[in-house]
Structure formats: structure tokens, C-alpha cells
Amino acid sequence: MFRALLTSRLQAAFTAAGIDLPEGFTPGVVIASDTRFGDYQSNAAMVLAKQLKTNPRALAEQIKAALQVEDLCEKITVDGPGFLNLTLSPAALAQRLSVIVKDDHVGVPQVEKAKTIVVDFSAPNIAKPMHVGHIRSTFIGDSLARVARFIGHKVITDNHVGDWGTQFGMIIHGWKTQLDQSKLKADPIHELVSVYKAVNAAARADEAVLEVCKGELVKLQQGDAENLGIWKECVRLTLEQLEKVYGALDIKFDHYLGESFYNDALTPLVAEMLNQGIATISEGATVVFSDGSLKPESDPFLIRDKDEWKPAPCIIRKGDGGYLYATTDLATIDYRVKEWQADEIWYVVGAPQQLHFRQVFAAAQRRGITTKMIHIAFGSILGPDGKMFKTRSGETVGLLEVIDEAIERVRNRMDEIESNQELYRAIDTENQALNERTLIKPQAPKNYTATEKDEIAHIIGGGAVKYAELSQNRLTDYKFSWDKMLSLQGNTAPYLINAYVRTRSIFRKLEGTVSLSEDLAITEPAERALAMKLAQFAENAHDILDDHRPNLLANYLYELASAYHAFFEACNVLRAEGTVRNTRLTLCEATSRVLKTGLGLLGIQTTERM
RNA sequence: GCACCCGUAGCUCAGUGGAUAGAGCAGCCGAUUUCUAAUCGGCUGGUCGCAGGUUCGAUCCCUGCCGGGUGCGCCA
């Protein structure tokens with residue numbers, strides 16, 4: 001990986017030049033912000049010159065003279081106020097290409113120290129459908145887990161299903177009084193939701209109904225056999241449906257340890273926290289107050305009111321003895337640390353829950369837990385009107401509906417292309433009147449079987465939905481738009497998959513097995529730009545986890561696909577011969593491998609034809 | 001009231017100390033007897049919310065304000 005190599009060479013150059021580095025300063029090399037100047041650049045001279053109060057350009061020249069990079073670079077220049085610009089040699093790029101084509105990690109180095117990372121994501125609720133609100137957590141979490149695994153970490157994915165909570169009082173009451181068995185059989189979640197909604201409405205109108213529901217909940221919590229049976233059936237039916245959804249999305253979990261899994265741990269946990277003096281009883285509830293060890297500004301158990309800091313405790317047991325979300329989360333942390341020896345736990349949960357996690361993490365740390373806990377937050381999903389997409393009120397869009405709609409659009413696009421092919425062939429080429437833009441080039445007839453067409457539509461449609469989410473910065477609010485999410489034009493999954501398809505189609509045209517040699521010569525600008533992009537995957541794959549942002553990967557893949565499309569138009573592969581042909585075929589193979597791997601890390605599959 | 005997130009082209013968004021701020025969509029012009037046109041090339045489009053500050057250098061860091069959103073003791 002060039003960045004790491006060049007960085008270590010740069011550091012060596014400082015030593016060789018006899019420049020003492022100030023405390024806390026490590027010179028670095030980054031990918032050039034402007035490719036006109038080179039491939040990599042370093043601002044070290046300017047940063048250091050500021051501290052040493054010397055001339056940055058002179059310093060840069062001094063470093064340049066000491067820099068030993070003949071094997072990697074063909075050009076080193078000092079430009080502007082003191083930029084050190086490095087241009088890789090074609091030979092170094094070619095050597096890199098050979099690695100990408102052979103290595104099963106396409107040239108991406110493994111982490112030096114593998115960590116055990118638990119990724120907590122998706123977390124749907126029992127008896128509720130997965131809706132668009134679950135898109136972010138599910139796709140981001142899955143992608144981050146894949147990336148971490150790919151670069152060598154030990155990853156444990158855990159779906160912390162919402163299978164225990166106050167909503168079960170209403171569901172059980174509804175199950176007993178108004179469940180329609182035939183509807184339940186046909187569409188379990190749908191029936192459970194309508195039962196829940198009906199009871200919820202009734203309870204709102206009538207206090208007595210609410211009391212009955214509370215009673216059912218207490219019976220459930222006390223282990224009443226009938227209620228427990230109903231609850232188990234709800235969980236079973238919902239999980240069965242969830243498996244289908246995850247199957248369609250190509251997402252797997254190592255564990256499904258829902259909230260109920262920790263029920264038995266809650267009472268001892270609270271008792272222990274009381275014993276340790278971490279928790280206290282306040283107004284009947286058991287709560288965690290600030291212990292004063294943190295500065296008030298960063299203490300999650302304090303809130304400022306005018307000029308004074310007032311307590312903002314975290315409740316771990318209600319006055320009525322009931323446990324809460326925070327209690328379960330603390331028990332879950334215990335389990336993950338003890339049973340799995342987690343070095344890190346990642347929570348892929350929306351930004352509104354930030355305070356909750358700050359409190360839970362702080363409470364866990366007070367209990368002596370040193371595992372690194374990270375809340376990987378993301379913005380809200382907004383409706384077309386720019387307002388919050390609320391789950392409780394109004395209609396929500398089901399996750400499967402979105403996927404199905406996307407697949408349908410892909411199918412339409414495929415049909416359109418097919419009919420254009422027929423139309424084009426039917427036209428007399430001398431008939432100018434019909435020579436309109438709507439006509440596209442007649443491709444070789446694709447002759448898909450029905451199964452192939454289904455598979456392709458599924459891969460591209462599902463990929464389009466995932467890509468629409470993953471190509472965005474997770475922190476910005478997400479405006480839900482069918483067109484944006486399902487668009488097949490521009491920076492979308494179909495664009496990337498199309499680049500992959502183009503690589504494969506070239507190899508299909510070749511007779512017999514192809515053997516690529518290491519006789520490479522990168523000469524054309526489009527070849528060079530593509531080779532450069534390919535080499536950068538080694539860096540990009542690691543950078544994604546710096547701030548847990550899959551959109552960096554999406555951006556990279558888009559740029560790679562773009563470079564490939566440009567190369568494809570500029571450099572014909574099959575008509576070339578000798579070294580040129582071998583070089584271009586190698587570029588195609590490398591692109592093919594990096595695209596397939598990279599899309600795979602986003603959870604997106606590829607297809608050979610489209 | 002306090003805290004957090006957001007404010008960048010007509011629209012949707014990248015870009016968390018570097019050089020002349022970038023894409024996609026929309027609009028306009030062009031490219032195909034040639035490896036998949038779900039493509040490529042070009043043009044048009046910006047007081048990076050406002051005002052200060054730090055810096056050789058700020059969309060990015062700090063302070064204040066404006067606008068939008070979310071959260072804040074017994075829901076998850």
C-alpha cells in the first residue's frame with residue numbers, strides 16, 4: 001500500500017536529513033488532492049516549518065533531497081508554499097496490479113492486531129414489520145461488520161431484537177380477544193400489528209382496557225404459562241418472517257440474542273450496582289447519578305439549568321420494580337464482555353439515542369468495564385415533506401415493499417432495453433425519421449431465461465436500495481424518496497454493477513483459458529488513472545473504519561467504476577495485442593476483482609450479465 | 001431553558017486544516033457499422049447560513065448569532 005510505504009520513507013528522510021521532529025509530530029503522506037501535481041502529497045514541510053519557524057519551501061527541498069523513493073516514484077517536486085508532490089512510476093503501479101490480480105484480499109493488508117468486535121445492528125421489534133426506518137441500521141451495520149471482518153478483525157454480529165417490552169400487554173390482550181387465526185396464518189406480522197393497533201386505540205379511549213393490558217403484562221413477566229406461550233408464538237412467527245427479509249437482503253447474524261435473553265440477569269445486576277454504590281434509590285426508583293468524576297460539561301448524568309448543574313439520572317429500575325432499556329443494555333454489555341471477550345462493541349443506532357448511550361457507557365465503565373463502546377449514530381429518515389418519518393403515526397413504508405419496487409423497476413428497464421433492441425433491428429437503417437435519441441445501440445440479443453432475469457433484477461434492485469443508503473454520509477438526515485432510492489442512473493448500484501459486467505463480458509469473448517503475464521506497460525492516461533484507483537483500495541478499505549463510514553467505500557467504488565468506464569471507452573482491449581493487450585486485460589481483471597470485493601463489502605452482489 | 005445533529009449549485013448530496021470547493025439528477029451540445037449506451041466527452045450552474053477569531057492557509061477548528069431537526073426521571 002503506497003501511502004504507508006511512502007509515509008515510512010518520508011519519516012526515514014527526516015532522520016536522514018538530520019531534522020529533529022518536535023513532540024507529537026508525525027509526518028504523513030496522503031493521496032493527492034489535485035492529481036495535476038502528482039499521486040501522493042505531503043504537507044509535512046509546511047506544518048513543521050511553522051513550528052520551527054523556518055522557510056517551508058527550503059525545508060521541503062531538504063526533505064526531497066533525502067527522500068529515497070527511486071523504486072516507487074518517477075517524480076518528486078516541491079510546489080506552491082511547500083507541498084511535496086510524488087508521482088508513482090508506471091513500474092510501481094504495474095507491480096501493484098500484479099498483486100491485486102493474485103492476492104485473495106486484492107492487495108488489502110490485514111490489521112496488525114485483530115480485535116474482537118461485536119456489532120449490534122438492525123434490532124427490529126417483535127410483532128412489528130421492518131420498515132424503512134430499519135434501513136440505516138441494518139445496511140450500515142452489515143457493511144461495517146463485513147469490512148471489519150475483511151481486514152482481519154474477529155467480528156460477532158448480534159441482532160438485539162426487541163422481544164420484551166410493555167407492548168406485549170396489548171398484544172396478548174388482543175391475541176386473546178380479537179385474533180383472526182386465518183389472517184394470522186396468511187400474514188402473521190400484519191395481523192399482529194392490526195391487533196396491536198386496535199387494542200392501542202381501545203386503551204386510549206377506555207382506561208379499563210389499559211388496566212387489563214397492564215395486567216396481562218404483569219402476568220407475562222411473572223411467568224404465566226398461557227401468556228408466555230402467546231409471547232413465544234409471537235416471537236417465533238416474527239423471527240420466521242424476519243429470516244425471510246434478511247435472506248432477501250443477503251444479511252446474516254451470528255446471534256439473535258434479544259432483550260428477553262437477559263431477563264434473569266437484571267435483578268442481580270441492579271442489586272450489584274446498589275451494593276457497589278453506583279446506583280441509589282431515589283423517589284422509589286433505582287437510578288444512577290453522577291459520581292462527579294467527570295467535568296460537568298461532559299458528564300451524561302448532569303444537565304445545566306440556568307447557572308446550576310442539575311442531576312439527569314439514568315433509571316435502571318422503575319418504582320414499580322420494572323426494568324428498562326438501560327438495564328437490559330447494561331446486562332448485554334456484561335454478557336458480551338464476559339462470554340465473547342469483546343474488545344469493542346459497536347452500536348449502530350440512530351442519533352436521537354445518543355444521551356442514552358452516553359449514560360449506559362458511563363455506567364458500564366464505572367462498573368469496571370474497559371471494552372471500547374462506540375455509538376455509531378446516524379441521522380433521521382425524513383418524509384418527502386422534510387419532517388420526521390415517525391413509526392407510530394401514519395403509514396410507514398415496509399422494507400420489503402421498497403425492495404420489491406426496486407426489483408420491478410429493474411425489470412422494466414430490462415424489458416425496455418429488450419424492446420429497443422427489437423425496434424432497432426426492425427428499422428430500415430435508411431429510415432432517418434425514426435433515428436431518434438430514444439433508440440439505443442442494438443446489443444447482441446441477451447436471451448435471458450426467466451430465472452436469469454429474476455436473479456439479475458434481484459441483485460440490481462436490492463443493490464440499488466442498499467447503495468442509495470450506503471453512499472450517503474450516515475450523520476446527515478435522509479430524505480426518503482422513491483426516485484432517489486430506486487434510481488438506476490448516475491451514482492447508483494447499477495452503474496457500478498455495469499462496470500463489473502463490462503469487465504466480465506470481455507473475458508467471455510476470449511477463447512479458452514486466459515493466462516495473464518506480468519508483462520505490463522501502463523502508458524495511456526486512462527490506463528494510468530485506473531491503475532491508480534485500483535491501488536488505492538488498499539488504503540480505502542482501512543479508512544472506512546476510522547470513522548465507521550461505509551459511504552467512503554461507496555465513493556471510492558463510484559470513482560473506480562467511473563475510471564473503468566472511461567478506460568473502457570478510451571482503450572479497446574480485445575483489438576490490442578501483445579503487452580498492451582496483456583496490460584489491459586490485467587486492468588480488467590483487477591477492476592473486476594476490486595469491484596466484486598468492494599461491492600461485497602457493501603453487501604451488494606454482482607452479476608455476470610445485465 | 002440546556003444538549004446533540006444539520007445548513008455547500010435549481011434539486012439530492014460528497015468533501016472534518018491545503019493548491020482553482022466536487023458529483024449525481026435536472027437543462028443544453030456532442031459521441032455508437034468496434035469488447036454491454038444502465039456508457040462516454042463537453043457546457044451551464046456557488047457571497048460553502050451570517051459575523052468575528054486562530055492560522056502561511058478555514059467549507060472544515062474556536063466564539064457568537066440566524067434557520068431546520070431531535071433529545072432531556074420511571075417507553076424502547
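To find a chain, count down the sequence lines: A is the first, B the second, and so on, and within it residues start at 1.
- One atom, CG of A:Asn200, and another, C1' of B:A76, lie 14 Å apart when rounded to the nearest Å.
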Pairs under 3.5 angstrom, nitrogen or oxygen only, protein versus nucleotides 59-61 of chain B, please.
none

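- For the residue pair A:Thr327 / A:Tyr262, no side-chain donor-acceptor distance below 3.5 Å is found, with atom types taken as modelled.
- Counting heavy atoms from C-beta on, the side chains of A:Val270 and A:Leu330 never come closer than 4.5 Å.
- Across the C1' atoms, B:A58 and B:G53 are found 11 Å apart, a figure rounded to whole Å.
- In terms of position along RNA chain B, the nucleotide closest to A:Ala312 lies nearer the 5' end than the nucleotide closest to the other residue of the pair A:Tyr325 and A:Ala312.
- For the contact set between residues 462-474 of chain A and RNA chain B, defined by any heavy atom under 4.0 Å, the members are A:Gln472, A:Asn473.
- Separation of the P atoms belonging to B:C74 and B:A26 is 50 Å when rounded to the nearest angstrom.
- Within the 3.5 Å criterion, the main-chain N or O of A:Asn551 finds no donor-acceptor partner in the side chain of A:Ser471.
- For A:Ile506, taking side-chain heavy atoms from C-beta onward, the closest of the listed nucleotides B:U39, B:A76, B:C35 is B:C35.
- Donor-acceptor pairing under 3.5 Å is recorded for the side chains of A:Asn491 and A:Tyr467.
- Across all strands shown, A:Arg504 has no heavy atoms under 4.0 Å from either base or sugar-phosphate atoms.
- A:Gln359 places its CD atom 16 Å from the P atom of B:A3, with the value rounded to the nearest Å.
- Phosphate contact (OP1/OP2 of B:U39, side-chain N/O of A:Gln489, threshold under 4.0 Å): present.
- With respect to A:Leu84, the side-chain contact (heavy atoms from CB on, under 4.5 Å) criterion is satisfied by exactly one of A:Val29, A:Asp79, A:Val78: A:Val78.
- Taking the side chain of A:Met414 as heavy atoms from C-beta on, and the options B:U39, B:A38, B:G71, the nearest nucleotide is B:A38.
- Between the CH2 atom of A:Trp164 and the C1' atom of B:C75 there is a distance of 16 Å, rounded to whole Å.
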**Q.** A:Asp39 and A:Lys75: CA distance, side-chain angles, deciding distance, salt bridge (charged side-chain N to carboxylate O under 4.0 Å, His left out) verdict
**A.** CA-CA 10 Å; A:Asp39 300 318; A:Lys75 199 172 80 173; over 6 Å; no
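- Where A:Asn551 and A:Ala285 meet RNA chain B, the nucleotide closest to each residue was compared, and A:Asn551 sits on the side nearer the 5' end.
- With rounding to whole Å, A:Ile417 atom CD1 is found 5 Å from B:A38 atom C1'.
- Geometrically, A:Lys466 engages A:Phe139 in a cation-pi contact defined by less than 6.0 Å to the ring centre and at most 45° from the axis.
- Put simply, CG on A:Asn491 is 9 Å from C1' on B:A14, counting in whole angstrom units.
- Separating the P atom of B:G17 from that of B:G52 is a span of 24 Å, rounded to the nearest Å.
- A donor-acceptor pair under 3.5 Å links the side-chain atoms of A:His375 to the main chain of A:Val349, judged by distance alone.
- One interatomic measurement links the two molecules: OH of A:Tyr495 to P of B:U39, which rounds to 7 Å at whole-angstrom precision.
- Residue A:Leu324 is in sugar-phosphate contact alone, with no base atom involved, counting any heavy-atom pair closer than 4.0 Å across all strands shown.
- For A:Ile315, the side-chain atoms get nearest to B:G73 when compared with the rest of B:A14, B:U70, B:G73.
- Here, B:A14 and B:A31 have their C1' atoms 28 Å apart, quoted to the whole Å.
- Using atom C1' as the reference point in both B:C29 and B:G68, the two lie 39 Å apart (nearest Å).
- For the pair A:Asn540 and A:Leu557, the minimum side-chain heavy-atom distance is 4.5 Å or more.
- Between A:Tyr325 and A:Val360 the shortest side-chain heavy-atom distance does not fall below 4.5 Å.
- OP1 or OP2 of B:A38 sits under 4.0 Å from a side-chain N or O of A:Arg413.
- Between B:A38, B:A23, B:C74, one nucleotide has an atom nearer to the side chain of A:Tyr558 than all others, and that is B:A23.
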**Q.** A:Tyr347 vs A:Gln353, side chain to side chain contact (heavy atoms under 4.5 Å, CB included): CA-CA, chis, key distance, verdict
**A.** CA-CA 10 Å; A:Tyr347 293 86; A:Gln353 295 187 44; over 6 Å; no
Q) How does RNA chain B look in dot-bracket notation if pairs are Watson-Crick or G-U with both distances under 3.5 Å, crossing ones as [ ], other-strand ones as |? A) (((((((..((((....[...)))).(((((.......))))).....(((((..]....))))))))))))....
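- Listed nucleotides: B:G24, B:C74, B:A38. Nearest to the side chain of A:Pro494: B:A38.
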Under 3.5 Å, which N/O atoms of the protein pair with N/O atoms of nucleotides 5-8 of chain B?
none

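- When rounded to the nearest whole Å, the span between OH of A:Tyr323 and P of B:C75 equals 15 Å.
- Using a 4.5 Å heavy-atom cutoff, the side chains of A:Phe568 and A:Ile506 are in contact.
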Q. Would A:Phe121 and A:His160 count as a side chain to side chain contact (heavy atoms under 4.5 Å, CB included) if you check the C-alpha gap in whole Å, the side-chain angles of each, and the deciding distance to 0.1 Å?
A. CA-CA 7 Å; A:Phe121 67 99; A:His160 195 65; over 6 Å; no
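- Applying a 4.0 Å cut-off to non-hydrogen atoms, the residues of residues 562-573 of chain A that approach RNA chain B are A:His565, A:Phe568, A:Glu569, A:Cys571, A:Asn572, A:Val573, listed by residue number.
- Nucleotides B:U44 and B:G24 are separated by 16 Å at their C1' atoms, to the nearest Å.
- Atoms NZ (A:Lys128) and P (B:C75) sit 15 Å apart, rounded to a whole Å.
- For the C1' atoms, the distance from B:U47 to B:C56 is 24 Å, rounded to whole Å.
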Q.
Using a 4.0 Å heavy-atom cut-off to protein, can you give one letter per nucleotide of nucleotides 17-22 of chain B, 5' to 3': B if the base is in contact, S if only the sugar-phosphate is, - if neither?
A. -BBB--
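- If you take atom C1' in B:U63 and the same atom in B:U54, they sit 11 Å apart, rounded to whole Å.
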